[in-house]
Amino acid sequence: MKKHSARVAPLSACNSPVLTLTKVEGEERPRDSPGPAEAQAPAGAEAGGRTSHRCWRCSRAQLKKIFWGVAVVLCVCSSWAGSTQLAKLTFRKFDAPFTLTWFATNWNFLFFPLYYVGHVCKSAEKQSVKQRYRECCRFFGDNGLTLKVFFTKAAPFGVLWTLTNYLYLHAIKKINTTDVSVLFCCNKAFVFLLSWIVLRDRFMGVRIVAAILAIAGIVMMTYADGFHSHSVIGIALVVGSASMSALYKVLFKLLLGSAKFGEAALFLSILGVFNVLFITCIPVILYFTKVEYWSSFDDIPWGNLCGFSVLLLTFNIVLNFGIAVTYPTLMSVGIVLSVPVNAVVDHYTSKIVFNGVRVIAIIIIGLGFLLLLLPEEWDVWLIKLLTRLKVRKKEETAEGAADQGSGPQSKNRRARPSFAR
């Protein structure tokens, strides 16, 4: 019996909807094999019981997946909104967005160890760390993870990862978290446009409409604060972060394709190693040039930094491995739901003004994001649904007419006297 494993494409960066599992290829669930011809003609009651049992088992599996989906949505929403709010709170005491980006990215190193713990607990065929590592390294080619592969296939994504997070966190310093979180949702529209141009993905009119809505929402969000310098710079930083994230996702699909769970975990851990080896010098330079300076290490809010990193790691883990227990669309809904959560927090903790233009911009961008969640065959499904509803309506009309026609005849038959003796 062949084994099929989920293949996923890690998306992108830290404080953003970036490390999502985008699709599952070759996934097949075991099905009951049909019996011999003699066993396929049981009594009616037995067949009906077997069918109802199969439907009940199917509905139970779907309910379980939906239940896990709700749990994943709540986890994504809370961790995403929580990390954004905690970053805003951290900057009041520790004004160093790049250092915070570097510190949080170092935690990516934990991806592969955590994956291996899950592998040991769940897998029937347990492998040693070295065996599992070598098997996952096949993702990079026949020679595994060589120095050339590290610099050509991992380093560019490490740079994009850092840029995405830094721009996002720097934007939080300039504008409120509600605007930052909703503007980053335009990331999905940028992914579609780049995939359409670079990867030659299928053209979909509804996604073009979603991209137009996203661009319109960005313009309206800029207008909401009257084109002030801080607002324009903050919005430009978020749009730049969303663009870097989209470029990360499209390049990953173009250069590396898709990855299994273990391969994705190893790749993200490698990004953490790259961050430690090659990005560490930048916070040091920023410290000594006093661009990001703090007087004493005792003044650093380590609790906030660690809390932010844990929330971000949780967010990325759920997005990467949540597809194993629920639908990918539900995980994306969790990102959208974080916008109203941030809005409520901003309403009570900052001086944000929810004027008409800002509210309309949030609704437009949110609507565009939801349109991008529609599957490629959504129009076919919609036509089938409308056809079924039309056929059912005709059947009900025909049955109603038949009942009305047979009603008087049966009544006359009952009232007719009998001459039989």
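Only heavy atoms go into these numbers, but all of them, side chains included; no hydrogens, no water, no symmetry mates.
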Please step through side chain to side chain contact (heavy atoms under 4.5 Å, CB included) for the pair Asn108 and Ser269, ending with a clear verdict.
-> CA-CA 5 Å; Asn108 276 16; Ser269 291; over 6 Å; no

Who are the side-chain hydrogen bond (donor to acceptor under 3.5 Å, both in side chains) partners of Asn176, not counting sequence neighbours?
-> Asp179

Contacts of Asn143 meeting side-chain hydrogen bond (donor to acceptor under 3.5 Å, both in side chains) (sequence neighbours excluded), chain-then-number -> none

Does CH2 belonging to Trp68 count more than 12 external heavy atoms closer than 6.0 Å?
->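 Atom CH2 in Trp68 is not crowded, with 12 or fewer foreign heavy atoms closer than 6.0 Å.
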
Above 12 or not: heavy atoms from other molecules or residues under 6.0 Å from CZ of Phe109?
->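 Atom CZ in Phe109 is not crowded, with 12 or fewer foreign heavy atoms closer than 6.0 Å.
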
Tell me, with the steps shown, if Phe139 and Leu256 meet side chain to side chain contact (heavy atoms under 4.5 Å, CB included).
-> CA-CA 8 Å; Phe139 170 66; Leu256 298 173; 3.7 Å; yes

Which heavy atom of [X] sits nearest to which heavy atom of [Y], and what is that distance?
{"X": "Cys136", "Y": "Leu266", "value": "CB-CD2, 3.7 Å"}
{"X": "Val341", "Y": "Ala81", "value": "CG1-CB, 3.8 Å"}
{"X": "Ala104", "Y": "Ser309", "value": "CA-OG, 3.5 Å"}

When you compare the side chain of [Y] with that of [X], does any pair of heavy atoms fall below 4.5 Å?
{"X": "Phe140", "Y": "Ile270", "result": "yes"}
{"X": "Leu86", "Y": "Leu89", "result": "yes"}
{"X": "Met221", "Y": "Ile362", "result": "yes"}
{"X": "Val333", "Y": "Val76", "result": "no"}
{"X": "Phe184", "Y": "Ser241", "result": "yes"}
{"X": "Thr105", "Y": "Ile279", "result": "no"}
{"X": "Gln85", "Y": "Asp346", "result": "yes"}
{"X": "Val219", "Y": "Tyr223", "result": "no"}

Would you check if the distance from the ring center of [X] to the ring center of [Y] is below 6.0 Å?
{"X": "Phe151", "Y": "Phe274", "result": "no"}
{"X": "Phe308", "Y": "Phe103", "result": "no"}
{"X": "Tyr287", "Y": "Trp294", "result": "yes"}

Without hydrogens or angle criteria, can the side chains of Asn342 and Thr178 be said to hold a donor-acceptor pair below 3.5 Å?
-> no

Expected output: side-chain [X] to main-chain [Y] donor-acceptor under 3.5 Å:
{"X": "Asn165", "Y": "Trp161", "value": "yes"}
{"X": "Tyr168", "Y": "Val180", "value": "no"}
{"X": "Ser79", "Y": "Thr314", "value": "no"}
{"X": "Ser195", "Y": "Val191", "value": "yes"}
{"X": "Asn275", "Y": "Trp102", "value": "yes"}
{"X": "Ser338", "Y": "Cys77", "value": "no"}
{"X": "Glu135", "Y": "Arg132", "value": "no"}
{"X": "Asn316", "Y": "Leu312", "value": "yes"}
{"X": "Glu292", "Y": "Pro283", "value": "no"}

Reference residue Ile365; test side chain to side chain contact (heavy atoms under 4.5 Å, CB included); the match among Leu213, Leu183, Leu370, Ile215 =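 Output: one option passes, namely Leu183.
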
The single option from Leu167, Asn187, Val239 passing side chain to side chain contact (heavy atoms under 4.5 Å, CB included) against Met244 |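 Single pass found, and it is Leu167.
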
Check the orientation of [X] and [Y]. Use parallel for under 30°, tilted for 30 to 60°, and perpendicular for over 60°.
{"X": "Phe157", "Y": "Phe252", "value": "perpendicular"}
{"X": "Tyr115", "Y": "Phe112", "value": "tilted"}
{"X": "Phe354", "Y": "His347", "value": "tilted"}

Give the intermediate values and the outcome of side chain to side chain contact (heavy atoms under 4.5 Å, CB included) for residues Leu100 and Phe91.
-> CA-CA 9 Å; Leu100 181 59; Phe91 291 144; 3.9 Å; yes

Look up atom CD1 in Ile282 and atom OH in Tyr166, then write down how far apart they are to the nearest 0.5 Å.
-> 10.0 Å

Quick one: CE on Met220 to CD1 on Ile364, what's the gap to the nearest 0.5 Å?
-> 4.5 Å

Determine, stepwise, if the pair Phe98 / Val291 fulfils side chain to side chain contact (heavy atoms under 4.5 Å, CB included).
-> CA-CA 10 Å; Phe98 194 93; Val291 176; over 6 Å; no

Taking the six-membered ring of Tyr293, is the NZ or CZ of Lys290 close enough (under 6.0 Å from the centre) and on axis enough (within 45°)?
->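 Yes, cation above the ring, under 6.0 Å and within 45°.
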
Salt bridge (charged side-chain N to carboxylate O under 4.0 Å, His left out): which pairs involve residues 82-104, sequence neighbours left out?
->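 Found Asp95-Lys173.
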
